[in-house]
Student: 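Below: one structure in structure tokens.
If you read the sequence from its start, that first residue is 1, and numbering goes on from there. Every heavy atom of this structure was used, including side-chain atoms; hydrogens, water molecules and symmetry mates were not. Here the structure is a predicted model, which means the values were calculated and not measured.
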Amino acid sequence: MSNLRMTSDLRRELILSAAKQCFARYGFAGTTTKSVAAAASISEALLFKHFPTKSALYAEILAEACQADPALHRLLDREPSTETLVVLIRGMVEHFLNASASPDQQEAQRLRLMISSQLDDGEFARLLYEKIRDLIGRAFTTSLERAIAAGDAVPVGREPLNLFWFAHHTVLMMVLTKLPSVPTLSYGAAPGLERQICEFILRGVGLNAAAIALHLDKQPVFNAAHAPAAESA
């Protein structure tokens, strides 16, 4: 029984992997359950045993894409503050830069799927942005409010959440230039680039130079999550 369940779970993962590639290449409208089944080397009937509709398959990919890793949970458990705001921005920048460094990995496939959605009906992108907003948006805005109250930042505009989206779109656009096998734009050396992006975003959301200097060069919490991967490599 255990072996049967393991085989079923593995088959499900293979279907999801094939579906991500199909959606990324053809978009939601251009992908059919038949094409996903062919990409997974199974029958369409077997695919329906795991996912009864294309929408169900799409929703499962969305749920997987939005699962938070342990490092993100640790971040969200932190007390809102100027330092938490800096750690959040640095973690987001690191996340996107790491995704662009491995263009064949799952995160890059999710990015391609998101861009395909933007060019199609936008369903996946809308749902993904909602998940990101619900998961991280409050931590950002609350920490920014604390930074302003502490004198570490000044208000920028009337919609603090927009500042989070501006930051997100900045790094998202950067990673898109790195997804092709030959990058469409070169930003220079990676170590210096990471700090430059972070400083650009933090200044843009209103942090002053003293707060940036105090918190940006501290060892980020997210590095703890990278350790196991580095060791396994």
Student: Can you confirm whether Leu111 sits close enough to Phe96 that some side-chain heavy atom of one is under 4.5 Å from a side-chain heavy atom of the other?
Tutor: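 Yes, at least one pair of side-chain atoms sits under 4.5 Å.
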Student: Throw together a table of side-chain donor-acceptor distances under 3.5 angstrom for residues 143-150, partners on residues two or more places apart or in other chains.
Tutor:
| from | atom 1 | to | atom 2 | distance (Å) |
| --- | --- | --- | --- | --- |
| Ser143 | OG | Ser81 | N | 3.3 |
| Ser143 | OG | Ala139 | O | 3.0 |
| Arg146 | NH1 | Glu79 | OE2 | 3.1 |
| Arg146 | NH1 | Pro80 | O | 3.2 |

Student: Which residues pass the ring-ring contact (aromatic ring centres under 6.0 Å, His included) test with His50, not counting sequence neighbours?
Tutor: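 Applying ring-ring contact (aromatic ring centres under 6.0 Å, His included) to His50 gives none.
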Student: Grab the two heavy atoms, one from Arg90 and one from Leu216, that are nearest each other, plus how far apart they are.
Tutor: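 The pair with the smallest heavy-atom distance is NH1-O, 2.6 Å.
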Student: Can you find a heavy atom in the side chain of Leu57 that is under 4.5 Å from one in the side chain of Ile15?
Tutor: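 Touching, per the 4.5 Å side-chain cut-off.
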Student: For Arg133, I'd like to know if atom CZ has over 12 heavy atoms of other residues, nucleotides or ligands within 6.0 Å.
Tutor: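 More than 12 within 6.0 Å, yes.
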Student: Quick check: is Leu172 connected to Leu135 through a chain of hydrophobic side chains (ILVMFWY, heavy atoms under 4.5 Å apart)?
Tutor: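 Looking at the clustering, Leu172 is in the same group as Leu135.
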Student: State whether the side chain of Thr31 and the backbone N or O of Gly27 hold a donor-acceptor pair below 3.5 Å, judged by distance alone.
Tutor: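 Flag set: sc Thr31 to bb Gly27 pair under 3.5 Å.
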Student: Taking the side chain as every heavy atom from C-beta outward, state whether Gln196 and Phe200 have any pair of such atoms under 4.5 Å apart.
Tutor: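 No - every pair of side-chain heavy atoms lies 4.5 Å or more apart.
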Student: Does Leu97 reach the side chain of Glu94, with side-chain heavy atoms less than 4.5 Å apart?
Tutor: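 No. Closest side-chain heavy atoms not under 4.5 Å.
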Student: Restricting to non-hydrogen atoms, name the atom on Leu163 and the atom on Gly204 that form the minimum distance, rounded to 0.1 Å.
Tutor: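 Minimum heavy-atom separation between Leu163 and Gly204: CD2-O, 4.3 Å.
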Student: Over 60° means perpendicular and under 30° means parallel, so classify the ring planes of Trp165 and His168, tilted if in between.
Tutor: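 Answer is perpendicular, since the angle exceeds 60°.
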Student: Nearest heavy-atom pair of Leu88 and Phe140: which atoms, and what distance?
Tutor: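 Scanning both residues, the minimum pair turns out to be CD1-N, 4.0 Å.
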Student: Which heavy atom of Asn208 sits nearest a heavy atom of Ala211, and at what distance?
Tutor: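 So the minimum-distance heavy-atom pair works out to OD1-N, 2.8 Å.
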Student: What I want to find out is whether Glu130 reaches Arg126 closely enough, with some N-O distance under 4.0 Å, to be called a salt bridge.
Tutor: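 Answer for the salt bridge query: no.
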Student: Less than 3.5 Å apart, which donor and acceptor atoms pair up between the side chains of residues 39-49 and the rest of the protein, not counting sequence neighbours?
Tutor:
| from | atom 1 | to | atom 2 | distance (Å) |
| --- | --- | --- | --- | --- |
| Ser43 | OG | Leu46 | N | 3.1 |
| Glu44 | OE2 | Thr33 | OG1 | 2.5 |

Student: Distance from Asp9 atom CG to Leu14 atom CG, nearest 0.5 Å?
Tutor: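 Answer for the CG-CG pair, Asp9 versus Leu14, is 11.0 Å.
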Student: Are Val205 and Phe166 packed together at the side-chain level, in the sense that at least one heavy-atom pair is separated by less than 4.5 angstrom?
Tutor: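 With C-beta onward as the side chain, the pair stays apart.
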Student: Quick check: is Met114 connected to Leu16 through a chain of hydrophobic side chains (ILVMFWY, heavy atoms under 4.5 Å apart)?
Tutor: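 Yes, Leu16 connects to Met114 through the hydrophobic network.
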Student: Can you check whether Arg203 reaches Ile212 side chain to side chain, under 4.5 Å on heavy atoms?
Tutor: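 They are in contact (side-chain heavy atoms under 4.5 Å apart), so the answer is yes.
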Student: First locate atom OG1 of Thr141, then atom CG of Asn162, and finally report the distance between them rounded to the nearest 0.5 Å.
Tutor: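 Result: 11.5 Å between the selected atoms.
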Student: Residues two or more places apart in sequence or in another chain: which of them pass side chain to side chain donor-acceptor pair (under 3.5 Å) with Ser116?
Tutor: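 Per chain and number, Ser116 pairs via side chain to side chain donor-acceptor pair (under 3.5 Å) with no residue.
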Student: Under a 4.5 Å side-chain heavy-atom rule over Ile, Leu, Val, Met, Phe, Trp and Tyr, are Val154 and Leu161 clustered together?
Tutor: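 The answer is no; the residues belong to distinct hydrophobic clusters.
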Student: For residues Val93 and Met174: do they belong to one hydrophobic cluster (side chain heavy atoms under 4.5 Å, members Ile, Leu, Val, Met, Phe, Trp, Tyr)?
Tutor: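 Same cluster: Val93 reaches Met174 through Ile, Leu, Val, Met, Phe, Trp or Tyr contacts under 4.5 Å.
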Student: Once side chain to side chain donor-acceptor pair (under 3.5 Å) is applied, do any residues pair with Asp152, and if so which ones, sequence neighbours excluded?
Tutor: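 If we apply the side chain to side chain donor-acceptor pair (under 3.5 Å) test to Asp152, skipping adjacent residues, the hits are Thr82.
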Student: Please round to the nearest 0.5 Å and tell me the distance separating atom CD of Glu199 and atom CD1 of Ile89.
Tutor: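 Between atom CD of Glu199 and atom CD1 of Ile89 there are 13.5 Å.
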Student: Residues in ring-ring contact (aromatic ring centres under 6.0 Å, His included) with Phe23, at least two apart?
Tutor: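 Listed in chain order: Phe28, Tyr58.
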Student: Could you walk me through whether Ser35 and Thr32 satisfy the side chain to side chain contact (heavy atoms under 4.5 Å, CB included) test, starting with their C-alpha distance in whole Å, then the side-chain angles of each, then the deciding distance to 0.1 Å, before giving a yes or no?
Tutor: CA-CA 5 Å; Ser35 65; Thr32 64; 3.3 Å; yes
Student: Please examine the side chains of Arg12 and Glu60, heavy atoms only from C-beta on, and report whether any two atoms are closer than 4.5 Å.
Tutor: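 Result yes, sub-4.5 Å side-chain heavy-atom pair found.
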Student: Should Ile201 and Ile197 count as side-chain neighbours, where that means a heavy-atom distance under 4.5 Å?
Tutor: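 They are in side-chain contact.
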Student: Is there a continuous path of hydrophobic side-chain contacts, each under 4.5 Å between heavy atoms, that joins Phe51 to Tyr26?
Tutor: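 As far as the 4.5 Å side-chain criterion goes, Tyr26 and Phe51 are not connected within one cluster.
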Student: Identify the two heavy atoms, one from Ala24 and one from Arg112, that lie closest to each other, and give their separation to 0.1 Å.
Tutor: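 That would be CB-CB, 3.9 Å.
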